[in-house]
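Reminder, nothing fancy here: chain letters follow the sequence lines and each chain counts from 1. Reckoned from all heavy atoms, side chains included, excluding hydrogens, waters and symmetry mates.
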Protein chains: 2
Amino acid sequence: MSDLLARLRGRGWRVTAQRRVVAEVLDGDHVHLTADEVHARAVERLPEISRATVYNTLGELVALGEVAEVSTDGRAKRYDPNAHHPHQHLVCSGCGAIRDVHPIGDPLADLPAGERFGFTVSEVEVTYRGLCPSCR
Amino acid sequence: MSDLLARLRGRGWRVTAQRRVVAEVLDGDHVHLTADEVHARAVERLPEISRATVYNTLGELVALGEVAEVSTDGRAKRYDPNAHHPHQHLVCSGCGAIRDVHPIGDPLADLPAGERFGFTVSEVEVTYRGLCPSCR
DNA sequence: TTCTTGACCTGGATTGAGTCCATCGTAGGA
DNA sequence: TCCTACGATGGACTCAATCCAGGTCAAGAA
């Protein structure tokens with residue numbers, strides 16, 4: 001993630017304290033924070049940062065393909081910094097915990113042409129659901 | 001869907017005009033209405049029906065396993081009456097159109113034990129994305 | 001058929017997530 | 001150092017969904 005800011009600068013991004021803090025908060029594996037959680041953590045480092053800025057920055061990171069949006073429950077979207085490593089998600093129906101997982105095979109290949117209704121299919125999103133060890 | 005009301009009555013449901021109308025609106029294949037769309041159509045048949053009742057009834061139908069909740073965009077949830085026939089969804093990134101699809105194989109089998117983090121995995125949800133013929 | 005009652009419905013207030021916008025501030029080039 | 005266009009702010013607003021107090025009615029009992 002440390003070179004993320006360099007990559008963004010290379011794309012003409014103006015690097016500000018706010019954007020740096022948002023990028024820093026979103027660092028690590030199995031990180032799936034909501035926008036409000038990102039904001040809460042960003043405030044600890046930069047007390048005046050506004051929610052609008054967090055939403056704007058997350059939106060830009062998503063548009064640039066640096067962060068992926070995940071919506072596993074019907075509630076707030078979550079932001080996943082692991083966008084450069086394709087993966088799917090495993091969600092606990094009890095506590096909502098989310099893990100990144102890597103199924104075998106290409107899920108795209110499992111949709112026969114006869115089931116594509118003439119669509120050009122380019123992406124698949126798989127969400128596995130179950131109970132985690134501590135909710136069972 | 002016509003025997004849905006009979007099934008519900010059998011489960012001790014009190015059948016009211018409102019519940020009947022909601023169930024009728026949710027009939028057919030490739031039907032994926034939002035709660036507000038269900039409400040709009042229900043109002044045509046029963047002008048005084050309230051949004052709260054539509055939400056309550058949809059929630060009960062979901063809890064009974066008669067209808068499935070689908071959230072393909074980050075926006076309003078959609079309700080899919082096809083819950084008794086397992087299927088996945090194909091969504092157009094352009095216009096949002098949704099089709100029911102049936103991939104080959106069991107997607108659950110594609111998640112190796114080593115990737116389950118001790119979870120008891122019981123469900124998979126697959127969303128294919130692409131462009132429909134008229135958006136391409 | 002009428003009565004009774006607890007489950008159901010209503011509409012308005014409320015919550016929560018997210019967006020919009022007018023204004024102010026500042027990163028980075030000249 | 002100065003300028004200015006891009007970025008940040010925060011308060012108002014939208015949209016989806018839920019909550020709640022009070023009125024209504026489906027279905028079993030008599």
*Between Glu48(A) (CD) and dT26(C) (C1'), how many Å, whole number?*
13 Å
*Does Thr16(B) put a side-chain nitrogen or oxygen below 4.0 Å from OP1 or OP2 of dA7(C)?*
no
_Under 4.0 Å from OP1 or OP2 of dA17(C): is there any side-chain N or O of Thr34(A) that close?_
no
*Base, sugar-phosphate, or nothing: which does Arg51(B) touch, judged by heavy atoms less than 4.0 Å apart?*
base
*Give a yes/no answer on whether the side chain of Thr53(A) brings an N or O atom under 4.0 Å of OP1 or OP2 in dA8(D).*
no
_Distance below 4.0 Å between Tyr55(B) side-chain N/O and dT18(D) OP1 or OP2_ = no
*Within 6.0 angstrom of Arg41(A) CZ, more than 12 heavy atoms from elsewhere*: no
_Leu33(B) CG - dA16(D) P separation (whole Å)_ = 14 Å
*Starting from P on dA27(D), measure out to CG on Leu8(B) and report it in whole angstrom.*
12 Å
_Partners passing salt bridge (charged side-chain N to carboxylate O under 4.0 Å, His left out) against Arg20(A) (at least two apart in sequence or in another chain)_ = none
*asked:* Quiz question: by atom type and distance under 3.5 Å, do the side chains of Glu125(A) and His89(A) form a donor-acceptor pair?
replied: no
*Round to the nearest Å and state the distance from Arg20(B) atom CZ to dA27(D) atom P.*
8 Å
*Using whole Å, report how far CZ of Arg19(A) lies from P of dG25(C).*
19 Å
*What is the nucleic acid contact for Ala52(A), judged by heavy atoms within less than 4.0 Å: base, sugar-phosphate only, or nothing?*
base
*Let me know the distance between CG of Leu46(A) and C1' of dT9(D), rounded to the nearest Å.*
12 Å
*asked:* Rounded to whole Å, how long is the line connecting atom CG of Asp36(A) with atom P of dT15(C)?
replied: 16 Å
*Let me know, please, whether Trp13(A) or Tyr79(A) comes out on the 5' side of the other along DNA chain C by nearest nucleotide.*
Tyr79(A)
_Taking the nucleotide of DNA chain C with the nearest heavy atom to each, does Gln18(B) or Ala76(A) sit closer to the 5' end?_
Gln18(B)
*Separation of Lys77(B) atom NZ from dC15(D) atom C1', in whole Å?*
14 Å
*Short side-chain N/O contact to dG16(C) OP1/OP2 from Arg75(A), under 4.0 Å*: no
*Arg129(A) and Ser93(A): which non-hydrogen atoms are nearest, and at how many Å?*
CB-OG, 4.1 Å
*Is there a donor-acceptor contact under 3.5 Å linking the side chains of Asn82(B) and His85(B)?*
yes
*Test for a donor-acceptor pair under 3.5 Å between the base of dC8(C) and the side chain of Arg14(B), counting only N and O atoms.*
no
